[in-house]
Amino acid sequence: MAGLLDQLNPQQRVAAEITEGPVLIFAGAGSGKTRTLTYRLAHMVREKGVPVEQILAVTFTNKAAGELKERIAGLIGDEAKKLWVGTFHSICARILRQEGEAIGIPPNFTIYDEADQAAVVKEALSVLDGDSDESYSASEILNRISRAKNELLDVQGYRRTRKGPMDEMAQRVYAYYEQRLRANAALDFDDLLMRTVELLETKRSVLQRLQDRLRYILVDEYQDINHAQYRLIQLLGGKSGNICVVGDDDQSIYGWRGANVGIILAFESDYPNCKVVKLEQNYRSTKRILACAHDVIRRNAARADKRLWTDNHEGDKVVVYQALNEEEEAEWVTSVIRGQVNSGNARPGDYAILYRTNAMSRQFEDKLLEKGLPYEIVGGLRFYDRAVIRDALAYLKVISNPADGFSLRRIINRPARGIGAKTLAALDRLARRENITLLEACGRAQEAEGLTDRARAAALDFHHLMRRLADQVDQKPLPHFVRDVLDSSGYLAALTNSEKSDERSQAEDLGELITVAAKFAERREDSSLSAFLEHLALISDIDRAENLDSRVSLLTLHSAKGLEFPIVFMVGLEEEVFPHRRSMDDPFELEEERRLCYVGMTRAERMLYLSYANSRTVFGSRQRQQPSRFLKDLSPEHIERRGDLEHLLLPPRPKTEDEVLRGGPPRSRIDLTALLARAKENQSIAAERQVAEGAVAGSRAGNGQRTGHGGKAGSVSGEKRFRAGTKVTHKKFGQGIVVSASDDGEVVLTIAFPQVGVKKILASAVEAR
DNA sequence: TCTATGGCGCTTTTT
DNA sequence: GCGCCATAGA
């Protein structure tokens, strides 16, 4: 049998063969990185005799961890199960559950997510900043605390680095915040890393045990790690020195959350005896796609020296589409998809629509639904962010960790039990005075001062309820227990019996949570409540996505990292959208935006479409947009421009005196003849679509994956069939031409009026002529 | 104590 | 254009 590594190209092979000592692998986009790592690990186990349990692999997402494990299992079989693969956060959580007590962390600690963190910071601000008239934003402060923790700075350390009054306040909040988290036996995301480092730095025996056990360490996406993560790897790998890191500085896109590209660039000086391997052959994209991606990234100054190349086909030109507005952009994107799917050239699962911010997903979702295309949205309005779900989880968190007073506050009066702010304050005073938890204070409510008998009884009842539930936690399978909690707390009943339909739909969300618990219990060996809560805290949006292969994927550019799709649409390529407004005044952040653009483009295998809109609704008002600077970097010979509207604009006529005074129109006028031609183009697309809709009618309802979005029935445009190109008259704006029509229960037409501009108008307000 | 209303600020990106 | 928060009223 030929050696495992014969399956690799020469560079990949080198990367896989060097198993001892520090190794830095620069793996360009689409260079077969996962394949190389899979073979590397299989080779270590199979041919070098490395015991599987001595290997630790760190990936960026849980999904990537699962995939790596699966692929290795394909080469070495069941032994792969013993491999420890996970994200930094999940690995640290596991270490701290097992060993954290050595530094005072109880094993049942709760993980606070961003919303929990914000609640603590807000409390801190109201306590510390109560009388001052300066107000600081909680998110800004939180950001600073997070940065400090990523830099491994505790409150004292942070004090030394602080500069302005904001830091002064942040440092005071930080101190308060830490005290509250500890009192509630809670850790935030950053603590998972920081406190693991603290554990390893202060408890030598723990460090040694881990170093002896984990003799081979592999870190993926090394360009996106922060200082705490860097230190962690340094500690764990400190004895064996077998540290293999993989990354691509051109794909570093998490600087905003403390990641530091400098870390990967400094690896060679950190480990002077390290071997460096570059994987530069791309197997994913066409020559043209790579050329365009290179056009964008080459403008960044600080890059490691490398250049991606490919043997793949030249491919089609990259399409750059100029849309009228965001709605027409979505219309175009989805028409192209519909057309290609109908012609049998592609399946919905081949497509990804990538955007800069989650808020942009909406138009695309609407249009996909309208066209009967199945889709899956990654991220955005998250299931676990819904208030009901957070409440339900708060119950579970209190049961799992009775010290968690923040979660307790959330639920103590939900459903209403007559425990309001006043009662709570009295209980809180008692808890502080007696140095007990808030839950214990409920149990000793008779000692609290200034409470009515009714309030005391309510607090005692609540305490009794939580005690009873806590006693049952290990007696029943997880999904049963979750149901019991929701039942006996009265929470589920209160919603199920509600007269309000939105509350009944919340009850359904709770049902969904029970399903999630059931699935979790099915798949996991450890299906304890605390394992469940940890899982929920540490899975990412992308981990939850299950149907990216069979549906049109909608996701942010950030979420797309590490993925690939045959056909990619990058949308909203406009100044202030992408590059984002908040990045535009900082050259470093601009470089990161550019890398993000590069990451997006290199996701595409066969075909890449880039689009931008002339105008877009931002915060509810219409704005004129300029094409993104990234588009200007593309070589003309590799792109094909479509939908160009510039020539449609005529110079504005001079303002009348009256208009000057009122500051009113004119703006640029639109060339009606040219627009008509454009509208006809849309019309033929629309006609094509109607044929297509006939074919898929019936399979339309319930295509969308995201719950909570009411599915629309398949009406196309109401009784009056307005289509693109129809000439209409409006009593105020005069004559115009329909550009597109949409149906949200009411038919809304986008109409171009030569004198007035483009307006959205109810179909009922115009006459066809 | 709970609920309805209006004002205001806001969106990067996520483990 | 929407969701959160503060405020006022029942």
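Chain letters run A, B, ... following the sequence lines, proteins first and then strands; every chain starts at 1. These values consider heavy atoms only, across backbone and side chains, with no hydrogens, waters or symmetry-generated copies.
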Exercise. Do we see Phe60(A) stacking on the base of dT15(B), given a limit of 5.5 Å between centres and 30° between planes?
Worked result: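 Base of dT15(B): not stacked against Phe60(A).
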Exercise. Ring of Trp256(A) versus six-membered ring of dT13(B): centres under 5.5 Å and planes under 30°?
Worked result: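 Aromatic stack with dT13(B) present for Trp256(A).
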Sugar-phosphate only, base, or nothing, as touched by [X] at under 4.0 Å among non-hydrogen atoms:
X         : value
Tyr254(A) : sugar-phosphate
Ser621(A) : nothing
Thr423(A) : sugar-phosphate
Glu589(A) : base

Exercise. Is there a side-chain contact between Arg410(A) and Asp391(A) (heavy atoms, below 4.5 Å)?
Worked result: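 In contact.
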Problem set entry | N/O (side chain, Asn358(A)) to phosphate O (OP1/OP2, dT13(B)) under 4.0 Å |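 True: Asn358(A) side-chain N/O within range (under 4.0 Å) of dT13(B) OP1/OP2.
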Exercise. At under 4.0 Å, does any side-chain N or O of Ser540(A) touch on OP1 or OP2 of dT15(B)?
Worked result: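 Looking at the OP1 and OP2 atoms of dT15(B), one of them is under 4.0 Å from a side-chain N or O of Ser540(A).
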Exercise. Taking the side chain of His558(A) as its heavy atoms from C-beta onward, which of dT13(B), dT15(B), dG1(C) lies nearest to it?
Worked result: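 Given the options dT13(B), dT15(B), dG1(C), the side chain of His558(A) is closest to dT13(B).
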For this session: Name the closest nucleotide to the Lys422(A) side chain, picking from dT14(B), dT11(B), dT1(B).
Result: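 Looking only at side-chain atoms, Lys422(A) lies closest to dT1(B).
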Exercise. In residues 530-538 of chain A, which ones come under 4.0 Å of DNA chain B, going by heavy atoms?
Worked result: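 Output list: empty, so none.
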For this session: Determine, for Asp190(A) against Arg147(A), whether the closest basic-nitrogen to carboxylate-oxygen distance falls under 4.0 angstrom.
Result: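 Looking at Asp190(A) and Arg147(A), the cut-off is not met.
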For this session: May I ask you to say whether Arg456(A) pairs ionically with Asp461(A), meaning some side-chain N is under 4.0 Å from a carboxylate O?
Result: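 So Arg456(A) does not pair with Asp461(A) through a salt bridge.
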Filtered N/O pairs between nucleotides 4-6 of chain C and protein, under 3.5 Å:
unit_1 : atom_1 : unit_2    : atom_2 : d
dC5(C) : OP1    : Lys122(A) : NZ     : 3.3

Problem set entry | Residue met sooner reading DNA chain B from 5', once Ser139(A) and Asp190(A) are mapped to nucleotides |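 This one resolves to Ser139(A).
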Exercise. Does any donor atom in the side chain of Asp249(A) or Gln223(A) lie under 3.5 Å from an acceptor atom in the other side chain?
Worked result: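 No, because no side-chain N or O of Asp249(A) sits under 3.5 Å from a partner of the opposite role on Gln223(A).
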Exercise. Above 12 or not: heavy atoms from other molecules or residues under 6.0 Å from CD of Gln626(A)?
Worked result: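 12 or below, so no.
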Exercise. Who passes side-chain contact (heavy atoms from CB on, under 4.5 Å) against Asp248(A), sequence neighbours left out?
Worked result: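 Expected list: Asp250(A), Gln251(A), Lys306(A), Tyr598(A).
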